[in-house]
Number of protein chains: 2
Amino acid sequence: MVSYDEFSKLELRVGKILSVEPHPNADRLYCLKVDLGGDVRQLVAGIRPAYPEPAFLVGRLVAVVANLEPATIRGVASQGMILAADDGQTIAILSPERAVAPGAKIR
Amino acid sequence: MVSYDEFSKLELRVGKILSVEPHPNADRLYCLKVDLGGDVRQLVAGIRPAYPEPAFLVGRLVAVVANLEPATIRGVASQGMILAADDGQTIAILSPERAVAPGAKIR
């Protein structure tokens, strides 16, 4: 169990995907640029097998953990994490049901 | 900033909305039953002004904080939280971009 205070330490925001490139060193990873409302981040995400067409992703709104400690993933800096659902067979990014501004808070 | 370990304490899951009722004591709240993969929870959520038609919500897949400490909200027990994005003007629930099984892990 987590308390509401623990939950609220997490900064979840809506990001708009600006670009999607194959990771130079990993077949299953993408390097994405995501706009969090004027704050553009580079993120590394393992959604490439589920979304083989980069063009499908560009322009989409996604849920991002915005205050995760930066990490270097196979040599590429990642400044956050895109949330995706995984039921063991299918992987799906999470999108707002209607258009909201990039940077919108999720809670 | 939060570490990946802190983030992973949070149990985020896909839920399927089974029913939506007005909260008996609060105009802006709904009481929902949500299936988290065989585990049906009662949740209280403040999405009523943004989603005035309960029928629009029934059957939808949503993102749920599944291990939040239970709370009593205006006299009704709530066993989790539905995530929604809010940009100050528009509120939007978060849904997986494609169908996944209720209970699917989000990470």
Side-chain angles (χ1 to χ4, degrees), chain A residues 1-17 36-37 45-47 50-51 56-57 59-71 73 78-107, chain B residues 1-17 36-37 45-47 50-51 56-57 59-71 73 78-107:
Chain A
M1 287 284 168
V2 298
S3 67
Y4 187 81
D5 278 358
E6 285 173 288
F7 167 72
S8 57
K9 283 181 194 164
L10 211 66
E11 188 186 337
L12 301 175
R13 289 190 182 272
V14 172
K16 183 175 186 172
I17 297 177
L36 292 177
I47 57 174
Y51 292 95
F56 181 86
L57 293 169
R60 278 187 196 267
L61 298 173
V62 290
V64 175
V65 186
N67 68 335
L68 203 62
E69 283 173 359
I73 302 177
S78 184
Q79 306 163 305
M81 192 171 87
I82 291 177
L83 293 182
D86 184 352
D87 65 11
Q89 293 200 308
T90 303
I91 289 176
I93 55 173
L94 295 176
S95 291
E97 174 276 322
R98 51 182 70 156
V100 295
K105 280 196 173 180
I106 296 169
R107 55 198 168 182
Chain B
M1 287 283 169
V2 297
S3 67
Y4 187 80
D5 278 357
E6 285 173 288
F7 166 72
S8 58
K9 282 181 196 164
L10 211 65
E11 187 187 339
L12 300 174
R13 289 189 182 271
V14 173
K16 183 175 186 172
I17 297 177
L36 292 177
I47 58 174
Y51 293 95
F56 182 86
L57 293 168
R60 278 187 197 267
L61 297 172
V62 290
V64 174
V65 186
N67 67 337
L68 204 63
E69 284 173 357
I73 302 177
S78 184
Q79 306 163 304
M81 193 171 86
I82 291 177
L83 293 181
D86 184 350
D87 66 9
Q89 293 201 307
T90 302
I91 289 177
I93 55 172
L94 295 175
S95 292
E97 174 275 323
R98 52 181 69 156
V100 294
K105 279 195 174 181
I106 297 169
R107 53 197 170 185

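Keep in mind that what you see is a predicted model, and the values were worked out from it rather than measured. Below, chain A is the first sequence line, B the second, and so on; all start at residue 1.
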Peer 1: Which pair of non-hydrogen atoms, one from B/A92 and one from A/R98, has the smallest distance, and what is that distance?
Peer 2: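 Heavy-atom minimum between the residues: CB-CG, 3.5 Å.
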Peer 1: Please flag which part of A/R13 lies under 4.5 Å from any non-hydrogen atom of chain B: side chain, backbone, both or neither.
Peer 2: neither
Peer 1: What part of B/A99 lies closer than 4.5 angstrom to a heavy atom of chain A: side chain, backbone, both or neither?
Peer 2: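 Contact with chain A involves the backbone of B/A99 alone.
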Peer 1: Could you state the interatomic distance from CG (B/L10) to CG (A/L10), rounded to the nearest 0.5 Å?
Peer 2: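 Answer rounded to 0.5 Å: 6.0 Å.
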Peer 1: Which residue out of B/P96, B/A104, B/A84 racks up the most heavy-atom pairs below 4.5 Å with chain A?
Peer 2: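 Winner by heavy-atom pair count: B/A84.
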Peer 1: As a quick check of understanding, evaluate side chain to side chain contact (heavy atoms under 4.5 Å, CB included) for B/L94 and A/I106, giving each step before the final call.
Peer 2: CA-CA 9 Å; B/L94 295 175; A/I106 296 169; 3.6 Å; yes
Peer 1: Looking only at heavy atoms and a cut-off of under 4.5 Å, which of B/N67, B/V62, B/L12 has the most pairs with chain A?
Peer 2: B/N67
Peer 1: CG of A/D5 to CD of B/E69: how many Å apart, nearest 0.5 Å?
Peer 2: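 CD of B/E69 is found 9.0 Å from CG of A/D5.
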Peer 1: Check each atom of A/V65 against the heavy atoms of chain B and say whether the ones under 4.5 Å are side chain, backbone, both or neither.
Peer 2: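 Just its side chain gets close to chain B.
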Peer 1: How many angstroms lie between atom CD of B/E97 and atom CG of A/L57, to the nearest 0.5 angstrom?
Peer 2: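 Here the rounded value is 8.0 Å.
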Peer 1: Can you tell which part of B/L61 gets under 4.5 Å to a heavy atom of chain A, answering side chain, backbone, both or neither?
Peer 2: neither
Peer 1: For the residue pair B/L68 and A/F7, what are the closest heavy atoms and their distance?
Peer 2: CD1-CB, 3.9 Å
Peer 1: With only heavy atoms counted, which part of B/V14 is less than 4.5 Å from chain A, the side chain, the backbone, both or neither?
Peer 2: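 Interface part for B/V14: side chain.
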Peer 1: Can you measure from CZ (A/R107) to CE (B/M81) and round to the nearest 0.5 angstrom?
Peer 2: 9.5 Å
Peer 1: Hey, does the side chain of B/D87 reach the backbone of A/A101 with a donor-acceptor pair shorter than 3.5 angstrom?
Peer 2: yes
Peer 1: Identify which of A/G88, A/P70, A/S3, A/A63 forms the greatest number of heavy-atom pairs closer than 4.5 Å to chain B.
Peer 2: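 Winner by heavy-atom pair count: A/S3.
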